[in-house]
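Keep in mind it's a predicted model, so treat the numbers as computed, not measured. Lettering follows sequence order; numbering is per chain, from 1.
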Number of protein chains: 2
Amino acid sequence: MSRADRLVAWVAADIVALTLRDGVLSVALVKRKPRAARGRWALPGGFLLPGESAEQAAYRELAEEGGLGERDVRLEQLGTYSDPRRDVEHEKRVISIAYLALAANLPEPVAGTDAADASWVPVDQAVGKALAFDHTRILEDGIERARSKLEYSTLATSFLDETFTISELRSVYEAVWGVRLDAANFHRKVTSTDGFVEATGEERRGRGRPAKLFRAGSATSLNPPITR
Amino acid sequence: MSRADRLVAWVAADIVALTLRDGVLSVALVKRKPRAARGRWALPGGFLLPGESAEQAAYRELAEEGGLGERDVRLEQLGTYSDPRRDVEHEKRVISIAYLALAANLPEPVAGTDAADASWVPVDQAVGKALAFDHTRILEDGIERARSKLEYSTLATSFLDETFTISELRSVYEAVWGVRLDAANFHRKVTSTDGFVEATGEERRGRGRPAKLFRAGSATSLNPPITR
DNA sequence: TGTAATTATTGTCAATTCGACTTAAAGTCG
DNA sequence: CGACTTTAAGTCGAATTGACAATAATTACA
């Protein structure tokens, strides 16, 4: 292959940022200001700068558009989208490296230089929205990834604050999967799985019996898995 | 961000092609002929052409370097490597979209235009080999992906021909995981998992009692999983 | 103040699954 | 034929699951 035949591309990092808002799985969307796909809803993201890795770019975008630091969010690479027809509005080929970002209690995203507006949208609404480029596809892939990783990884704790109750953890599963789980069996399973959660010794009081507080344990994978 | 600040990059598709050779998990490696990292062992791969997606490029490379068609191999995106220091030998930034390719009975790879030599190498040897660029890291990620997907997916059948015996399927697990599994329990579990394998009605005779032949079923995910 | 309502946690128990092991079946090899 | 190999099915105690009941520890409010 001669050097002249090689594709030369711009590289973007786009983010499927998920959080729970009032028990509803929601995604951050921005209304685009740049010429390409101007005015359409899209995933937050942007082009890599020279000298920057995709992960660094994703963290930079999270900081710019969401005010989020590395400690607030769990970032995981989702996949790369490179179809030549995925974006025909830019003057160069654009390939996009997509990230899944999970966090608790995210603040309202802020409209940055590239966004006229930004907000959290329940994922069911978001997938019906005709997003820019192939972002609907990326979003669907992100949701699916989150759903399936909940089963055999400790990802669910990323949706919660540093300390949480078992019920809160259960409601993460219920919101992401859209099912109801038996509280008693869930409690037994989670607390008997080594390294999933560890008790802090404190409790939180609300309505009803006070709940013991836990923090995420050291395990990253679950087996046996939590079943849907 | 002004347009001038955007990274402009070459995009490569690199392939972790795994197969079983005499019961040993092996990976395809090529000895590089291009100027960059010339003479070093590396994963097969190459740059995207204009108008080509990464997946198309991966299939093209598999055809060129391994003589493999789309039907012979299962291809799955592994991840994208974009660290600015991952490749300082080319005159432009290079980001690499890595694919995992699994296949049965692969022929000896052929040295193409970009490779002086090519061969199957047991993965244990390959990870100790000081491959070009960050290919050791990519290879490790690929092996780890294959190992963990064996648990929850029907991926193992991709290492086998269209029809196979339960023992052959078991030996895939044993080779990839490096463990021994109880033949009787494995047999019971596989045949009782809906959609994993379906009997063809035929059998294959070797030494000992003839084994019934199966083909891959329609399921793609396994639950309960096969445990290591 | 007392009782209902609420939420968290523990218990119970039958059904299922798992893992280690044994047995039987069905062939080949010499 | 008899020894050996490999596949497949059976056995059984232990562990896990899922449905559900019971208990505990609070708040809400009449």
Side-chain angles (χ1 to χ4, degrees), chain A residues 22-23 150-152 156-157 160-161 163-175 177 179-215 217 219 221-228, chain B residues 22-23 150-152 156-157 160-161 163-175 177 179-215 217 219 221-228:
Chain A
D22 308 316
L150 241 47
E151 295 188 50
Y152 46 87
T157 57
L160 297 171
D161 286 322
T163 65
F164 51 83
T165 67
I166 301 295
S167 297
E168 288 169 340
L169 183 60
R170 176 167 48 86
S171 69
V172 170
Y173 280 88
E174 293 181 330
W177 284 347
V179 298
R180 297 202 62 71
L181 300 174
D182 182 274
N185 292 336
F186 184 86
H187 190 283
R188 171 164 47 110
K189 186 145 184 179
V190 165
T191 52
S192 72
T193 299
D194 231 54
F196 193 177
V197 298
E198 54 186 41
T200 67
E202 310 192 12
E203 24 181 68
R204 168 179 307 162
R205 35 215 330 160
R207 218 189 347 238
R209 175 174 171 174
K212 296 198 180 95
L213 281 172
F214 295 81
R215 70 172 66 86
S221 67
L222 295 180
N223 85 327
I226 310 285
T227 50
R228 241 178 266 210
Chain B
D22 307 317
L150 242 46
E151 296 189 50
Y152 316 99
T157 57
L160 298 171
D161 286 321
T163 65
F164 50 85
T165 68
I166 300 296
S167 296
E168 288 169 341
L169 183 59
R170 176 167 50 85
S171 70
V172 170
Y173 280 88
E174 293 181 332
W177 284 348
V179 297
R180 298 202 58 72
L181 301 173
D182 182 275
N185 292 337
F186 183 85
H187 190 283
R188 172 163 45 111
K189 186 146 185 179
V190 165
T191 52
S192 72
T193 298
D194 231 54
F196 193 178
V197 298
E198 54 187 41
T200 66
E202 309 188 16
E203 25 181 65
R204 167 179 305 161
R205 33 213 334 154
R207 207 169 22 209
R209 174 174 173 173
K212 296 198 180 95
L213 282 172
F214 295 81
R215 69 171 65 87
S221 68
L222 294 180
N223 84 327
I226 310 288
T227 50
R228 241 176 266 215

Separation of D:dA9 C1' from B:N185 CG (nearest whole Å): 12 Å
Gap between atoms CZ and C1', on B:F214 and D:dT7 respectively (whole Å): 10 Å
Gap between atoms CZ and P, on B:R204 and D:dA8 respectively (whole Å): 12 Å
Phosphate OP1/OP2 of C:dT7: any A:S167 side-chain N/O under 4.0 Å: no
Listed nucleotide nearest any side-chain atom of B:I166, set D:dT26, D:dA8, C:dT10: D:dA8
Side chain proximity check, A:F186 to A:L169, heavy atoms < 4.5 angstrom: yes
Atom-pair distance (CD on B:E174; C1' on D:dT6), nearest Å: 14 Å
Minimum side-chain heavy-atom gap A:E151-A:W177 below 4.5 Å: yes
Rounded interatomic separation in angstrom, taking CG from A:L213 and C1' from C:dT7: 14 Å
Min side-chain heavy-atom separation A:R228-B:N223 under 4.5 Å: no
A:R204 side chain near A:T165 side chain, heavy-atom distance below 4.5 Å: yes
Side chains of B:T157 and B:F214 in contact at under 4.5 Å (non-hydrogen atoms): no
Between D:dA8 (P) and B:E168 (CD): distance, integer Å: 11 Å
For A:E198, side-chain hydrogen bond (donor to acceptor under 3.5 Å, both in side chains) partners two or more places apart: A:R215
A:D182 side chain vs A:A184 backbone, donor-acceptor pair below 3.5 Å: yes
Review item, nucleotides 28-30 of chain C N/O atoms under 3.5 Å of protein N/O:
none

Test item: B:I226 and B:L150 side chains (from C-beta on) under 4.5 Å apart, heavy atoms: no
Residue met sooner reading DNA chain C from 5', once A:P210 and A:D182 are mapped to nucleotides: A:P210
Integer-rounded Å distance: C:dT17 P and B:R188 CZ: 10 Å
Upstream residue (5' side of DNA chain C) when A:A211 and B:T227 are each assigned their closest nucleotide: A:A211
Nearest-Å distance for atom pair CZ/P, residues B:F186 and C:dC21: 19 Å
Any B:H187 side-chain nitrogen or oxygen under 4.0 Å from OP1 or OP2 of D:dA8: yes
DNA chain C contacts among residues 189-200 of chain A, heavy-atom distance under 4.0 Å: none
Close N/O contacts between protein and nucleotides 21-24 of chain D (under 3.5 Å):
| residue | atom | partner | partner atom | Å |
| --- | --- | --- | --- | --- |
| D:dA24 | O4' | A:R209 | NH1 | 3.4 |

With A:F196 via ring-ring contact (aromatic ring centres under 6.0 Å, His included) - residues at least two apart: none
Flag, side chain of A:K212 to backbone of A:T200, donor-acceptor distance under 3.5 Å: no
Secondary-structure stems, DNA chain D, at least 3 Watson-Crick or G-U base pairs under 3.5 Å: C:1-30 with D:1-30
